[in-house]
Amino acid sequence: MFQLPVIISITLSLASLPSASYPAVEGRVDMVRVQKSERRMQLMSGGKPIKEYRIALGAQPAGHKRWQGDERTPEGRYVLDWRNPNSIAHKSIHISYPNAEDMAAAKSMGVPPGGAIMIHGAANGYGWWGWVLQLIDWTDGCIAVTNREMDEIWTLVQDGTPIEINP
């Protein structure tokens with residue numbers, strides 16, 4: 001059985017793990033790329049990653065989002081089309097899900113496609129849990145990062161930036 005000091009030590013060492021290190025950001029972020037299976041999101045410029053983040057996904061991460069409430073994160077190409085500075089999850093940037101194909105697929109199943117899929121920080125009041133929340137998939141289909149990382153993404157990524165979400 002672990003002793004409390006050991007658990008605290010392991011916890012503190014996990015908290016200090018940085019995101020992947022890249023040189024200072026040069027150039028404009030022209031694409032956001034997500035690898036769901038690796039729980040990784042990269043900010044890209046000219047086809048090269050310039051920043052990388054560990055992410056949490058929807059609570060049912062395997063597969064493409066098909067309907068409202070399935071807790072899946074969509075897969076495919078979308079656009080980061082607007083942002084909410086007063087989000088219930090620190091700050092958030094909207095992903096343009098559902099697109100026409102998503103809406104048609106949901107309609108054919110007789111279910112609503114859902115929406116409000118975002119890149120966001122921790123739920124308000126839980127920012128201090130940010131790094132812990134990155135260890136599990138807990139969203140309803142969004143992509144979650146820590147609040148500090150969300151502040152950085154907020155300044156680097158402009159509205160209209162494409163996002164590619166891969167399995």
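Atoms considered below: every heavy atom in the structure, side chains included; atoms not considered: hydrogens, waters and symmetry mates. Residues take their numbers from the sequence shown, with the count starting at 1.
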Exercise. Quick one: which of Asp151, Asn147, Asn86, Asn84 gives a side chain to side chain donor-acceptor pair (under 3.5 Å) with Lys91?
Worked result: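 In the set Asp151, Asn147, Asn86, Asn84, the residue that makes a side chain to side chain donor-acceptor pair (under 3.5 Å) with Lys91 is Asp151.
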Problem set entry | Reference residue Gln42; test side chain to side chain donor-acceptor pair (under 3.5 Å); the match among Lys51, Glu164, Glu52 |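 Output: one option passes, namely Glu52.
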Calculate, to the nearest 0.5 Å, the distance between atoms [atom1] and [atom2] belonging to [X] and [Y] respectively.
X	Y	atom1	atom2	answer
Glu101	Met103	CD	CE	11.0 Å
His94	Ser87	NE2	OG	11.5 Å
Arg39	Asp137	CZ	CG	4.0 Å
Ile143	Met41	CD1	CE	6.5 Å
Arg77	Ser96	CZ	OG	10.5 Å
His120	Ile95	NE2	CD1	9.0 Å

Exercise. Between the side chains of Glu149 and Thr146, is a donor N or O closer than 3.5 angstrom to an acceptor N or O?
Worked result: yes
Exercise. How about His64 and Asp102: does a side-chain donor come under 3.5 Å of a side-chain acceptor?
Worked result: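 A donor-acceptor contact under 3.5 Å links the two side chains.
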For this session: For Thr161 and Asp30, indicate whether the former's side chain and the latter's backbone hold a donor-acceptor pair under 3.5 Å.
Result: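 No; judged by distance alone, with no hydrogens or angles, the pair does not exist.
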Nearest heavy-atom pair of [X] and [Y]: which atoms, and what distance?
X	Y	answer
Trp138	Gly121	CH2-O, 4.2 Å
Ala116	Cys142	O-SG, 3.8 Å
Pro167	Gln35	O-NE2, 4.0 Å
Pro98	Gly115	CD-CA, 4.3 Å

Is there a path of hydrophobic side-chain contacts, each under 4.5 Å between heavy atoms of I, L, V, M, F, W or Y residues, that connects [X] with [Y]?
X	Y	result
Ile165	Val29	yes
Trp154	Val157	yes
Ile153	Val32	yes
Tyr97	Leu57	yes
Ile55	Ile50	yes

Is there side-chain contact between [X] and [Y], with at least one heavy-atom pair below 4.5 Å?
X	Y	value
Ile119	Leu80	yes
Arg54	Arg40	no
Tyr53	Leu43	yes
Pro74	Ile117	yes
Val34	Glu75	no

Problem set entry | Derivation and outcome, side chain to side chain contact (heavy atoms under 4.5 Å, CB included), residues Met150 and Arg148 | CA-CA 5 Å; Met150 190 63 218; Arg148 187 189 97 254; over 6 Å; no
For this session: Verify side chain to side chain contact (heavy atoms under 4.5 Å, CB included) between Met31 and Ile163, making sure each step is shown before the conclusion.
Result: CA-CA 6 Å; Met31 164 76 78; Ile163 182 169; 5.8 Å; no
For this session: Mark yes when over 12 heavy atoms from residues, nucleotides or ligands other than Glu38 sit less than 6.0 Å from its CD; otherwise mark no.
Result: yes
Exercise. Would Lys65 and Asp70 pass as an ion pair if we require N to O under 4.0 Å?
Worked result: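 So Lys65 pairs with Asp70 through a salt bridge.
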